[in-house]
Each structure stands twice: as structure tokens, then as C-alpha cells.
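These numbers were taken from a predicted model, which means no experiment stands behind them.
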Amino acid sequence: MVEKVRTSVESFYSDAAKNPQAELCCPVTRKDVDTSHIPDDILGISYGCGSPVSEAGVKPGDTVLDLGSGVGIDCFIASRVVGSSGSVIGVDMTDDMLKRAVDAKESVGEKLGYANVDFRKGFLEEVPVDDETVDVVLSNCVINLSGDKEKVFGEIYRVLKDRGSFTIADIVSEKDVPQEMQDDKTLWGECISGALKEKEFTRLARGAGFYGINVTSRYLYREVKGLRFDSITISGYKYVKKPECAFVGQYAIYNGPMTSVRDDDGHDYPAGMPVEVCTDTAEKLSSDPYRASFTVIDATGDLAGSCDPVDGGSGSGCC
């Protein structure tokens, strides 16, 4: 199945690299400041369904991996954000796409004043990147093209550092895609045949070990034969549980607005009520994407973490 899908998709996108396909372009808006350093002929081959770089919280110095990088647009956008101290890796299986990306890399580097992008040939199910070396994984309308999405999420988890994250723009369907549509090679290339239901997409991400799964945007992509397909942007975080985790008198308070929530480990948090948590959970809830929703109190009764001293205070955590 995987090899059959690869062959079909590679042929489809090899042609799309040479002859831009208008029907593959989605209504994605990018800021001029993000793309001013990218050649116009490259921007004309934009087959993504979102803007994952802008939503991923990429920071200067980060190592970023773009899966299914195509002609390199998201890689080049990330290149500007991570700066000369960061690095970007683009992985794609299509030679014609990679050639366009590599040809544009020199021009992009000249405009930015540094070169920090590395393009590699590879598959989503076998990513040519070392374990735990990446801060942020991006993917733009590509995972639906894989015949083994469970393995793709496993690879994303493998290459990410502890506390790393992914931001993926992709296509999901409202119902299971009928077999007749799955057998249509053109619909595979157009990101339809391989789409999963959103529930299944998030289940695979959680099954790989990710926490904090969050859909940050959604819009109608297409309707095909009466079936609705949405473009979503979804993020998730890698938190490796520490073996030395212990209960040391830390509490987490859910701030609302829901009356209560349950986390991925099955802990319940009624709004406004302190719940004792272990050191691992306390660290997790003090980090993205949870920190805005929780107050974590350490064993002394202060807010966990540190902050600037206030009114002559020591800055030990309570501002």
C-alpha cells in the first residue's frame, strides 16, 4: 500500500513541480515580510493548505524540520525566523521538487545574508534525521499523502527533542473516505483520497505519545461527491515522563473558563480548585500549551517558576 501510494503521489507532484497546478493552491495568506526573500517563481508553486510556520512558535536558534517540503516555501519562511543561529531541514521524496528548492536556496541565502537550509531526499515514514535533534516539526498538506500515517507520527516523535512540538496543516474528512475515492489516483494527489477523519488524525498523534493536541484553525477545503473536507492546523507537544517524578507538595489550579477539564493522563481539574500533582505534571502544566490555563503552586505556596522581583521581593516565584 505504502509503495503504491508513493509511486502515484511522486508522479503527480513531479509534474506539479514543472507545471503549476492552480487547483492545488489553497487560499493561504502570508505576510510580505515572511516571503519577500523568496523568488516569485517559487511562491507560484504553493500547494499547502495552511501557514504552519506562523502558528508554530518558531524561535531564533531553533532547529526546524519541514516534512514534505516541496519547493521549500515553508523552509525559507522558517529560515528567516530561526536566523543565522538556527537551522532548517526540508525533506521531500520528489526529485523535481527538491531541484526547485535547491536552486532557490542560494538566492534566499544571499537575501538573508546567511544560509541555514538543508534539503534532503526522504520519505515521511523514514525521515533522514537523527533522533531527538529537532525543536519544531512542520508539515503542510502532506501527511494525508502517506499510506502509513501511524508510522509518520512515530517518526515525528522520534526526531523531536523532549519538549519539542509539531504544527501540521492538513486535510481531514467529515466521514470515512469511500473506497472508490481511495482508488482514484488524481484524488490522492489532490489531498482527498488519503484524508482521515479529524478524530482519527488526533488519535494517531496521541498514540505516538504527544500531549496538548490542539486544533488552531479550520476552514472548508473542498466538497467532493457530497463529502466535506476541511483544512485544519493542529499542534502537539512531546513530553518525556521523567523516572524521578515525585509528589513534593505542588498543586495545579485550572483557571477556567470551563467548569472542569481532564488532561491526557486522566487527571481531572475542577475550575478554581487546587489539585495535587507530581513534579512531571507540574512542569508540563507550567509549559505550552497549558500555561495560559493553569496556575501551578510549589511546595512553599508560591507560584511555580520564577519571575522578576516585585516590591523588593526575592523573585522566588511569587510576584
Side-chain angles (χ1 to χ4, degrees), residues 1-17 21 23-26 28 42 45-56 64-78 88-98 100-101 119-129 134 136-157 159-160 165-173 177 185-196 198 200-202 204-205 208 217 221-222 229-236:
M1 171 67 173
V2 173
E3 192 60 39
K4 180 180 178 181
V5 171
R6 282 179 182 171
T7 300
S8 175
V9 171
E10 184 173 14
S11 174
F12 187 95
Y13 279 91
S14 179
D15 181 63
Q21 308 289 319
E23 65 272 17
L24 296 179
C25 299
C26 298
V28 176
I42 293 298
I45 310 175
S46 176
Y47 299 143
C49 61
S51 300
V53 182
S54 64
E55 300 192 42
V64 175
L65 168 64
D66 182 20
L67 295 178
S69 51
V71 295
I73 294 175
D74 287 323
C75 288
F76 296 141
I77 293 174
V88 180
I89 303 167
V91 173
D92 204 279
M93 70 174 182
T94 308
D95 289 330
D96 290 296
M97 287 288 185
L98 287 169
R100 296 295 298 268
F119 291 106
R120 304 176 186 179
K121 183 171 182 177
F123 302 111
L124 303 185
E125 304 86 2
E126 303 164 27
V127 181
V129 175
V134 175
V136 180
V137 171
L138 308 173
S139 183
N140 198 344
C141 207
V142 176
I143 291 180
N144 69 83
L145 299 174
S146 170
D148 190 345
K149 298 171 180 63
E150 183 174 9
K151 194 168 184 180
V152 175
F153 277 107
E155 284 291 273
I156 294 173
Y157 190 89
V159 302
L160 276 172
S165 65
F166 71 75
T167 297
I168 295 168
D170 220 295
I171 305 301
V172 294
S173 59
V177 178
K185 292 182 178 180
T186 299
L187 290 180
W188 260 106
E190 293 179 358
C191 305
I192 295 297
S193 297
L196 297 176
E198 184 175 324
E200 178 68 7
F201 200 94
T202 56
L204 290 178
S217 68
Y221 174 62
R222 284 174 62 183
F229 293 85
D230 285 337
S231 168
I232 63 171
T233 299
I234 185 170
S235 60

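Remark: side-chain polar atoms of Asp66 are not paired, donor with acceptor, to backbone N or O of Asp74 under 3.5 angstrom. With hydrogens and angles disregarded, a donor-acceptor distance shorter than 3.5 Å links the side chain of Asn140 to the backbone of Gly50. A donor-acceptor pair is defined here as one N or O able to donate and one able to accept, closer than 3.5 Å; no such pair exists between the side chain of Ser165 and the backbone of Val136.
Counting heavy atoms from C-beta outward, Val129 and Arg120 have side chains that approach closer than 4.5 Å. Side-chain contact between Val152 and Glu155 is absent, with no heavy atoms from C-beta onward closer than 4.5 Å. Side chains of Arg100 and Ile42 form a contact here, defined as non-hydrogen atoms less than 4.5 Å apart.
Scanning for side-chain contact (heavy atoms from CB on, under 4.5 Å) contacts around Ser173 gives Val177, Ala195, Lys197, Phe229, with sequence neighbours left out. For the side-chain contact (heavy atoms from CB on, under 4.5 Å) test, residues two or more places apart in sequence or in another chain that qualify with Leu98 are Asp92, Phe119, Lys121.
Across every non-hydrogen atom of Ile143 and Lys149, the tightest pair is O-CE, 3.4 Å. Contact detail for Thr233 and Ala169: the closest heavy-atom pair is OG1-CB, 3.9 Å. When all heavy atoms are compared, the tightest approach of Thr167 to Ser235 is OG1-CB, 3.9 Å.
Judged purely by distance below 3.5 Å, without hydrogens or angles, the side chains of Glu125 and Ser146 pair a donor atom with an acceptor atom.
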